[in-house]
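Since the model is a prediction, treat every value here as computed from it, not as a measurement. Naming convention: chains lettered A, B, ... in sequence-line order (proteins, then strands); numbering from 1 in each chain.
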Amino acid sequence: MNERYEPHSIEPRWQTRWEQAGAFKTGRRPDAEPRYVLEMFPYPSGAMHMGHGRVYTIGDALARYLRMRGFDVIHPIGFDALGLPAENAAIKDGRHPGERTRENIVAFRAEMKSLGYSFDWSREFATCEPEYYRWNQWFFLRMLERGIVYRREGKANWCTGCNTVIANEQVVDGRCERCESPVVEKVIPEWAFRITAFAQDLLDGLDRLTAWPERILTMQRNWIGKSVGAEVAFPVPGQASIDVFTTRVDTIFGCTYVVLAPEHPLVEKVTVPERAAEVRAFVERTRKTEAAERTGEDAPKEGVFTGAHAVNPYTGERVPVWLANFVLAGYGTGAVMSVPAHDQRDFEFARKYGLPVRVVIQPAKGEKLPPGDQLAKAYTEDGVLEGSGRFTGLGSAPAREAMADEAKAKGFGKPTVRWHLRDWGFSRQRYWGTPIPVIYCGTDGIVPVPDDQLPVVLPDEAIITGKGEPPLAKVPSFVNVTCPKCGKPARREVETMDTFVDSSWYYARFLSPHDDKRPFDPEAAKRWLPVDVYVGGPEHAVMHLLYFRFWHRVMHQLGLVHEDEPCERLVTQGIVNGPDGRKMSKRWGNVVQPGPMVRKYGADTLRLFILFAAPPEKDIDWSDDQVDGLFRFLARVWRLYHARQDCFRAGPEHLPGAPGPFLELRRRTHRTVQRVTEGFDKELKFNTSIAALMELVNELYPLEPKTDADRAAVREALVALASLLSPFAPHVAEELWHEVIGPAAKDRLLVDEPWPTFDPALVLADTVTIAVQVNGKLRGEVQAPASAGEAEVRALAEAEERVQAHLAGKTVRKVVFVPKRLVNFVVGG
RNA sequence: GGGCGGAUGGCGGAACUGGCAGACGCGCCGGACUUAGGAUCCGGUGGAGCGAUCCGUGAGGGUUCGAGUCCCUCUCCGCCCACCA
């Protein structure tokens, strides 16, 4: 055995051995229970970064552990290869996005292998392969048949930088999430998934996801955004009827005006002729304002009076109808009833334009509100109704119910549910995506491409400029087809799919990645789904994870899967920041990449650093010093095995039973097995699991075994240590395990060995240290048998000198005894 | 403004259902071995005090024999969302 720890001489060797043995192939244990461990697949733009290093290290530790626990594990990897960045890069340097993507994949694969990740590489695929995206097209056609896909003529977010439509969910503060260019509204025909039809179901499903972080569940709930309210019709006599949506129908007696969105269809109709010019100017002005500016936090509230009046159906009162820039056409009915006393926006608007403020809700307790004209700000809490006719005196909640019911009974409204979630517009005027499989025919209209003509392959020869028409429109051989129905010349759809489509079902494709008859094998799905553990960044909390849940429900409807949630447990990992605590970025010059670190320290050290720095969900800062420390730990472990070679041949029959350091060592060994095992089964706090291994090494280090029994105890510890280390630092663990086990085991691999078990009798200490307190303050400690009762411990404690000093001259009023932990004398006088 | 997390030594972080605060690592200090040490090994390391002891988990209150942990009020930090009616 080499005296020095040299990771570079051992890591590639074991990587090769594992690969040759097919150690990480799925399905090696067909009779064992299945487990599916999945990390979010990477988008291969450029080189692998530390964030990737973290996700895959966390998932890999789990996968390796579960394999050793005897499960049949699937741990696949692939590449999310289609997408805007590759296309933007292509626009920049003129290279084909596929060429660049394939290069990046080669680099990624090499780095992942150098990190020793236990992927089943035989299942790898990239979403840019027609063998994959043809099934995106297949799903599209199935959803089209079922009305889940539809064509809509609607306002869309138009990114002025990417020149393409992006989803609502991808707009951040009025800007494109990717390129940060301003997003403007534009009317455009587009394809959409009817995800809103699943809104209630997606919401209900969250209650069953008990192993998802609460944070993520809350974000999804907010994103789906169910609000229960009421729709109420405010007639404009002789003109029209304005439907307003409100969640606070209990405040309706305080409604002093009604506001329409500038784009509301009734604007023209209700506006009185003398105000038409002013209204039109306002509408024009608002339309020109960018979404970001209009809906930004500090944007001024502006409005204009239409001259019309609408009737509050509850009171019969006539209230003025206004337009305002802050009312959005796309939400609710695009019209709101304004209750300035109980809504802050309405309040500010009313003050600005001198509209009346009428208090109709009083706080249930505490001071009453002043009259509306003296109110300093809106009171938006629930309370007790006043000045609300027959509803006066009711609480807000029962009032909402009673009032919505009355609206329904009298036919001027109804209880209504509204969602924040919008349908998912997924067509992109881009090249590097899945072609949408439809044909536009002059005779037959929109004609789906027949299944037997799939895939519609992305042509290589597209000219990508990022401007004007979609790139595919400029490829005549692609565009010009004959109609599958009538055989006349027709045009292909030139738009492609959002890449979130690709990542919505890839986990299922891993189950039969080479299937050319169907997207995946439903029998395999029955065995492997849902995913047991899914590891990825919390930045995907809403978009990807919602689409992914939606798609799974669609696959359920298609009979391809048996359950409606795709994943049981979600682990969201924190960011790896630079050494300065800031986000790694070229701008700060604080980027640390996994590749160079593997070359410097070896994969095992890097993996250990990532796992030891903090629990998975916390952000961590890169630290060169900590990395050094972990390299030193592995070198120390290495030296330990080297120094104890004389223990390798002792047999377990000689294990020590008599009290002494080697029996203590055995206890430590078994306790460590227990702690690390629980670390995997419960909290996934790998940092404390690794700390436990360090403690074992520290205890082992100074021991000098003299007898066979001593050596057997050391050997037991060394065998266990190699196994326990294996999920975290697999290469060095494999090497050391072979050293201990010796030549007899040369054909076996540690990664295939069973996970060590612990003896429950050994993890329980027989002597415990009990803290002694007087009035809650620590005054000493005593050693006692673990089984000791109160009387025994009390006697031991009272014999302690320091304790006696604090008890002297006092009366013991009470004694609190916690077995195995403490005894507390409560004294007085 | 709303939602969700946080706040513990010089630093990263431990602490199961309230029960010895600071495990483990880094850094630092001392020692050993060395021509040398930025390698390795051993010891120390929350603060104050010579000491017995006292003070310490963002701040302030409370519950309790006992609070990092539970309750109330507040401050700061991070992330997500935001004229969503």
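- Using a 4.0 Å heavy-atom criterion, one finds that A/Pro615 contacts the sugar-phosphate atoms exclusively.
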Just list the side-chain donor-acceptor pairs under 3.5 Å for residues 606-616 of chain A, sequence neighbours left out, or say none.
unit_1	atom_1	unit_2	atom_2	d
A/Arg607	NE	A/Phe728	O	2.9
A/Arg607	NH1	A/Asp60	OD2	2.9
A/Arg607	NH1	A/Leu115	O	3.1
A/Arg607	NH1	A/Gly116	O	3.4
A/Arg607	NH2	A/Asp60	OD2	2.7
A/Arg607	NH2	A/Pro727	O	3.0

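- When the nearest nucleotides of RNA chain B are assigned to A/Asp343 and A/Tyr701 by heavy-atom distance, the more 5′-ward of the two goes with A/Tyr701.
- Here A/Lys618 does not reach the OP1 or OP2 of B/A14: none of its side-chain N or O atoms lies under 4.0 Å away.
- Electrostatic pairing of A/Asp628 and A/Lys600 does not count as a salt bridge here, judged by no charged N lying under 4.0 Å from a carboxylate O.
- By the 4.0 Å N-to-carboxylate-O rule, A/Arg667 lies close enough to A/Glu664 to be salt-bridged with it.
- In this view, A/Arg248 and A/Asp250 satisfy the side-chain hydrogen bond (donor to acceptor under 3.5 Å, both in side chains) rule, not counting sequence neighbours.
- In this structure, A/Phe500 has its ring center at least 6.0 angstrom away from the ring center of A/Phe548.
- Using the Watson-Crick or G-U wobble rule with both distances under 3.5 Å, B/U73 pairs with B/A59.
- One P atom belongs to B/U57, the other to B/G38, and the distance between them is 38 Å to the nearest Å.
- Going from the C1' atom of B/C77 to that of B/C72 covers 22 Å, rounded to whole Å.
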Starting at the 5' end of nucleotides 19-34 of chain B, put B wherever the base has a protein heavy atom under 4.0 Å, S where only the sugar-phosphate does, and a dash everywhere else.
BB--BBBSS-------
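- Here B/A14 presents its P atom at 16 Å from CG of A/Leu693, a figure rounded to the nearest Å.
- On the C1' atoms, B/U69 is 14 Å away from B/U63, given to the nearest whole Å.
- Using a cut-off of 4.0 Å between Lys/Arg side-chain N and Asp/Glu carboxylate O, A/Glu699 and A/Arg671 are scored as not salt-bridged.
- Taking atom C1' on both B/A32 and B/G25, the two are 23 Å apart, rounded to the nearest angstrom.
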